[in-house]
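The block underneath contains the structure these notes are about, expressed in structure tokens.
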Amino acid sequence: MSEPPPHSHPRAVPTGRHPGLSWPAVVGFGLLGLLWPLLRRIGLESIVGDVATAMIAFFATFAVWVLGAGLGRVPRPVLTLTLSGVLFALLLGATTVLTGDRSDHGVGPNLLVGAVEVGRSAGLGALSGLVAESIQKARRR
């Protein structure tokens, strides 16, 4: 029975197979949660309407996440973008509360809306991550 070399740890995580998570990518992609409030502040809603502004923010975020993670070879794109979605929702919720853009319906309903937003944004992140992962796999071939 051979012993491992003295400089290696027997339970070391193998490199290459499961790369670590890129926290700068999580934060960078999550910062897109500020896009919709920014579009509101510059007055885009008054020009194109509420729904169009929301769709612009939604599709721009989806495109940046998919192309950024897929073409940028971000490690673990599904987990990265799922966590980015959670941060996105937290930033979006915080900015709408701080700027007064959200109606106050009481603590319970507001927490429910916040939880739904976190789930929706995490789901969008996971979906974006799956598409980005397929782009990465196609590029490796």
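The analysis underlying the following values was restricted to heavy atoms, covering all of them including side chains, and did not include hydrogens, waters or symmetry mates.
A pairwise comparison of heavy atoms in P37 and T95 identifies CG-OG1, 3.1 Å as the closest pair. Between L21 and L83, the shortest heavy-atom distance links the atoms CD2-CD1, 3.5 Å. The two residues I42 and L39 make their nearest non-hydrogen contact at CG1-O, 3.3 Å. Considering all non-hydrogen atoms of both residues, L91 and G30 come closest at CD1-O, 3.4 Å. Listed here is the closest heavy atom pair of F62 and V131: CZ-CG2, 4.5 Å. Smallest separation of non-hydrogen atoms from W65 and G85: CH2-CA, 3.7 Å.
No side-chain donor-acceptor contact under 3.5 Å links W36 to the backbone of L92. Between the side chain of T80 and the backbone N or O of P75, at least one donor-acceptor pair lies under 3.5 Å. No donor-acceptor distance shorter than 3.5 angstrom exists from the side chain of E117 to the backbone of F88, with no hydrogens or angles considered.
Around the CZ atom of R73, the shell of radius 6.0 Å holds no more than 12 heavy atoms that belong to other residues, nucleotides or ligands.
With rounding to the nearest 0.5 angstrom, the OG1 atom of T61 is 11.0 Å from the CG atom of L31. Distance check, rounded to the nearest 0.5 Å: OG1 of T53 to CG of L44 gives 4.0 Å. Separating the OG1 atom in T82 from the CG atom in L127 is a distance of 9.5 Å, to the nearest 0.5 Å.
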So L124 and F58, side-chain contact (heavy atoms from CB on, under 4.5 Å) or not? Walk me through it. CA-CA 9 Å; L124 174 64; F58 172 81; 3.7 Å; yes
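V118 pairs by the side-chain contact (heavy atoms from CB on, under 4.5 Å) definition with V86, A89, L90, not counting sequence neighbours.
In this structure the side chain of T99 reaches within 4.5 angstrom of the side chain of R41, judged on heavy atoms.
Both W23 and L79 belong to a common hydrophobic cluster when Ile, Leu, Val, Met, Phe, Trp and Tyr are linked at side-chain heavy-atom distances under 4.5 angstrom. A continuous path of Ile, Leu, Val, Met, Phe, Trp and Tyr side chains, each step under 4.5 Å between heavy atoms, connects I135 with L81, placing both in one hydrophobic cluster. A chain of hydrophobic side-chain contacts below 4.5 Å, direct or via other Ile, Leu, Val, Met, Phe, Trp or Tyr residues, connects L32 to L71.
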